[in-house]
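In what follows, a structure is listed as structure tokens, so that the remarks can point back to it.
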2 protein chains.
Amino acid sequence: DLPGWTHEHDRLQSTWTFDGHLQALAAATGVGLLSERRNHHADLTINYNKLTVSVTTHSAGSKVSAKDTELAQAVSALLD
Amino acid sequence: DLPGWTHEHDRLQSTWTFDGHLQALAAATGVGLLSERRNHHADLTINYNKLTVSVTTHSAGSKVSAKDTELAQAVSALLD
């Protein structure tokens with residue numbers, strides 16, 4: 001169960017809203033560090049104070065895999 | 001003149017490719033700092049080692065304005 005994440009079009013996706021742009025960038029960097037450690041990278045989009053994190057597994061035919069749900073849980077633990 | 005930028009759908013957009021994910025995140029943070037100083041924010045997308053920067057001016061009816069071309073020039077000066 002992944003509160004706050006949607007599972008559509010073979011992706012898990014969630015958006016966070018922060019106080020400003022730099023906070024959103026700092027959050028993106030934190031997600032990037034998690035991704036590097038797992039060697040599984042989320043797509044990140046920053047629109048002013050919003051960060052959208054989107055994950056899929058290309059090696060699984062761009063389907064949502066256990067690697068995605070585990071990364072999503074780690075991202076939620078960091079940002080929620 | 002903005003080498004490397006496209007002007008389509010009332011946006012200026014360009015993509016940079018870096019050695020890795022963390023370099024792309026660092027570049028995004030640099031663009032964010034430029035944006036904060038100008039109080040004019042680019043939309044940023046990070047896909048592994050690629051950073052896409054996209055700018056438009058909402059207050060100008062989401063058209064490309066002088067604020068956008070000036071931000072694009074500053075981003076190119078930072079990342080090219």
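Chain identifiers are assigned alphabetically (A, B, ...) following the order of the sequence lines, protein sequences preceding nucleic acid strands; residue numbering begins at 1 within each chain.
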How many angstroms lie between atom [atom1] of [X] and atom [atom2] of [Y], to the nearest 0.5 angstrom?
X: B:E36; Y: A:Y48; atom1: CD; atom2: OH; answer: 6.0 Å
X: B:N49; Y: A:H41; atom1: CG; atom2: NE2; answer: 9.0 Å
X: B:I46; Y: A:L51; atom1: CD1; atom2: CG; answer: 8.5 Å

A:D80 CG: over 12 foreign heavy atoms closer than 6.0 Å
yes
Do the non-hydrogen side-chain atoms of A:L22 and B:L33 ever get within less than 4.5 Å of each other?
yes
Is the shortest heavy-atom distance from the side chain of B:T29 to the side chain of A:T29 under 4.5 Å?
yes
May I ask whether A:L79 and B:L25 are part of the same hydrophobic cluster, defined by side-chain heavy atoms of I, L, V, M, F, W, Y residues being less than 4.5 angstrom apart, directly or through others?
yes
Which one wins on heavy-atom pair count under 4.5 Å against chain A: B:V31, B:L44, B:T52?
B:L44
Please report the closest heavy-atom contact between B:A42 and A:H21, naming both atoms and the distance.
O-CE1, 4.3 Å
Honestly, the part of B:A26 sitting under 4.5 Å from a heavy atom of chain A is neither
